[in-house]
Protein chains: 2
Amino acid sequence: MPVSIQDVADRANVSISTVSRVLNRRNIVNDVTRKRVESAIEELGYRPNVFARGLMLRRSHILGLVLPDLHGEFYSEIIRGANARARELGYKLMISSVAADDDGSELMATVADQALVDGVAVMVSEVNARTRATLSTVKVPLVVLDGEVQGVRHDSVVIDQRLGAVALIEHLIRDCGARRLVFVGGLPTNFDTIERLAALQQVAADADVKIDPGNVYHLDYQYDTAFELGQKRVKEWSRRRFSVFAANDEMAAGIIDAAIDAGISVPDELPVVGFDDTRIAAMTRPRLTTVSVPMSSMGAAAVDLLCQRLEDPSRPATKLTLQSELVVRESCGVNSQT
Amino acid sequence: MPVSIQDVADRANVSISTVSRVLNRRNIVNDVTRKRVESAIEELGYRPNVFARGLMLRRSHILGLVLPDLHGEFYSEIIRGANARARELGYKLMISSVAADDDGSELMATVADQALVDGVAVMVSEVNARTRATLSTVKVPLVVLDGEVQGVRHDSVVIDQRLGAVALIEHLIRDCGARRLVFVGGLPTNFDTIERLAALQQVAADADVKIDPGNVYHLDYQYDTAFELGQKRVKEWSRRRFSVFAANDEMAAGIIDAAIDAGISVPDELPVVGFDDTRIAAMTRPRLTTVSVPMSSMGAAAVDLLCQRLEDPSRPATKLTLQSELVVRESCGVNSQT
DNA sequence: GGCCTGAATGACAGCGCTTTCACTCAATGA
DNA sequence: TCATTGAGTGAAAGCGCTGTCATTCAGGCC
């Protein structure tokens, strides 16, 4: 039923070799012959069989993208960026998600399909022995997003959260007069949480601002849990003149809402800042001061890196760093944009 | 370099046929032999070549998902739902996007990769002759999301927006006392816009509520354009006691913000409702009254339908309808949840 | 013993493509 | 005139797998 290269060859009165040559624009084919083949292809609506081609070429022109979860704008933006760039470069994108709390086996099952993809970009929320072991079995080019896996050869694209985070916290301390800070992050093993907390501690130390270990909370990046935490703590935070640095916008929104419910004014009685600059950052009231991270660029960069390595497998491992940027809105108390 | 079925056969001292049989659990293989083959597979870390297999079986276990755009929560939720179900059923998902204003050629290029996928789910924002022509060339099972394409054999999963929309408008009219309505939708050719406007007109007619054609606006589902429209009209709407029905939450948020900027209170002076119940619907102030549509279920259902047809190609075309549901919050003026 | 049966396995023909190698046949130079 | 070129093409060998058919061989029956 499906039309094969043989059908085209028959119709054009040439051998399949010639059709193949026309298809791949390789050795010179006589103009007249090529035209004949091309119209045969057109008339028959012929499309080369991807499998046969993949079998020969050992190339599928498919790139894998493995994300910890598909929830939230963060990931969807990565997909969008990766998809756009992949299309530009003539690749297809295969998406998989892995539960954030996966022990590695699921990651394994997903990445194991390397047999199909030419390369794979992986974002692991947490690097441990299991994930390391899993990733070391990957035989195709590997790009790690927003993290690094020791002992495994891979390129990576990371976001320099430090710069943005530092700018954010300096703004909070210098311009908004914060003296005491609360940090609300994800799990202590989470790469982003580690980075953001480190930035906080660094700036705080420099500015002689206090961060009590008791004021560092590890939640799960969700609105609800942050809201619950806020319900319990918001009055105390406000009374003691704290400012809240949440490691993402969702949690910042949760805390803002808890504060408002408790009759506490944000930012006057409790400044709150977020991270990521997702869609909701502009929707909260007050609007969130946050750090914009180039999510879709990250996806695009991953695809770039994969393709570059595919072209030149011997090039040295590359680490691409994307910058993050402070976005000042209203939730921190001083709107320097006005 | 890569280990093939022959390597396994050699190591286990059997023929490749036997290895293949072990792999596919087909004809009975002697227990002793099977164990030997299995351990050979294990030791060699053998994984069947997807292309060779696909070439024989004409099955890739990959499903395609083509969306008009990858922006926005709506699409990312579809991807999430589809991905989860695909994984459950042993399929992989390949994502592509097509610009919303595509004339069909891009859709063509994307869907043309049917050679690779076992089936494809397509969401077209607008059905016209071009898209119809493109989709009629698809040779694998096709599921159309949120729409129908005449003359092309396909299954479909649609969201019954009518029910939710009707409930929303009835709530607006009956419970909130709306007498005059403004509709802010997408392009007049957009399926969702057509459905939602139709529901509005139906209910309005029944309730003897007026909808002036001059109060039907066709925008692009974006916050910004709605905000701009709001800046121009919000005072007039408020003065004339209008209520605004926006065809998605983004536009509703834009109008709310325009109203607030103009010093107009929502909902007291201008009730506004949205559609979709995306993340931002709970983030606006006041929170949006909207209609929740089961986005991720839609993705999952598409995958289900595809797999079912793959199993039984002769089954009659199926149309799966998902229900939408009114979500009352604050932006309409009466919070019946309290 | 000769024959049949059926379980277990192997040999081999493709699937549709790319690619190597060989071939044809003008045009060219000696 | 004849060997030599090289552009253009075809024949055929796989790529790694599945599935059909053939083969082997122990056990059961007459």
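Here is the naming used below: chain letters follow the sequence lines, and residue numbers restart at 1 for every chain.
Between the base of dA8(C) and the side chain of T33(B) there is no donor-acceptor pair shorter than 3.5 Å.
Residue S20(A) places at least one side-chain N or O under 4.0 Å from the OP1 or OP2 atom of dT18(C). Side-chain N/O atoms of R53(B) include one lying less than 4.0 angstrom from OP1 or OP2 on dT18(D). Contact between the side-chain N/O atoms of N24(A) and the OP1/OP2 oxygens of dT18(C) is found at a separation under 4.0 Å. Applying the 4.0 Å criterion to OP1 and OP2 of dG16(D), one finds that S4(B) has every side-chain N and O outside that range. Listed pair R21(A) / dT19(C) fails the phosphate criterion, with no side-chain N or O lying under 4.0 Å from OP1 or OP2.
Where Q6(B) and N13(A) meet DNA chain D, the nucleotide closest to each residue was compared, and N13(A) sits on the side nearer the 5' end. Remark on DNA chain C: of its neighbouring residues M56(B) and Y46(A), the 5'-side contact belongs to M56(B), judged by nearest-heavy-atom nucleotide. Toward the 5' end of DNA chain C, the nearer of the two residues V14(B) and I5(A), judged by each one's closest nucleotide, is V14(B). Residues S15(A) and I16(B) each lie close to DNA chain D; by heavy-atom proximity, the contact nearer the 5' end of the strand is made by S15(A).
We find that R309(B) and D155(B) are joined by a salt bridge, their nearest charged nitrogen and carboxylate oxygen being less than 4.0 Å apart.
With rounding to whole Å, R36(A) atom CZ is found 8 Å from dG10(D) atom P. Taking atom CZ of R58(B) as the reference point, atom P of dG19(D) lies 12 Å away to the nearest angstrom.
When every heavy atom of F191(B) is checked against every heavy atom of D146(B), the shortest pair comes out as CD2-O, 3.1 Å. Among all heavy-atom pairs drawn from L306(B) and A121(B), the shortest one is CD2-N, 3.9 Å.
Which of dC17(C), dG8(D), dT18(D) sits closest to the side chain of N49(A) comes down to dC17(C).
Residue contacts for L57(A): at a heavy-atom cut-off of 4.0 Å it reaches the sugar-phosphate backbone alone, with no base atom in range. Contact annotation for S17(A): base contact, defined as any heavy-atom pair under 4.0 Å involving a base atom. Among the protein residues, T18(B) comes within range of the sugar-phosphate backbone only, with heavy atoms under 4.0 Å from sugar or phosphate atoms but none that close to a base.
Checking V158(B), L305(B), V143(B), I159(B) one by one against L320(B), the side chain to side chain contact (heavy atoms under 4.5 Å, CB included) holds for a single residue, L305(B).
For the atom pair S4(B) OG and L44(B) CG, the distance stands at 9.0 Å (nearest 0.5 Å).
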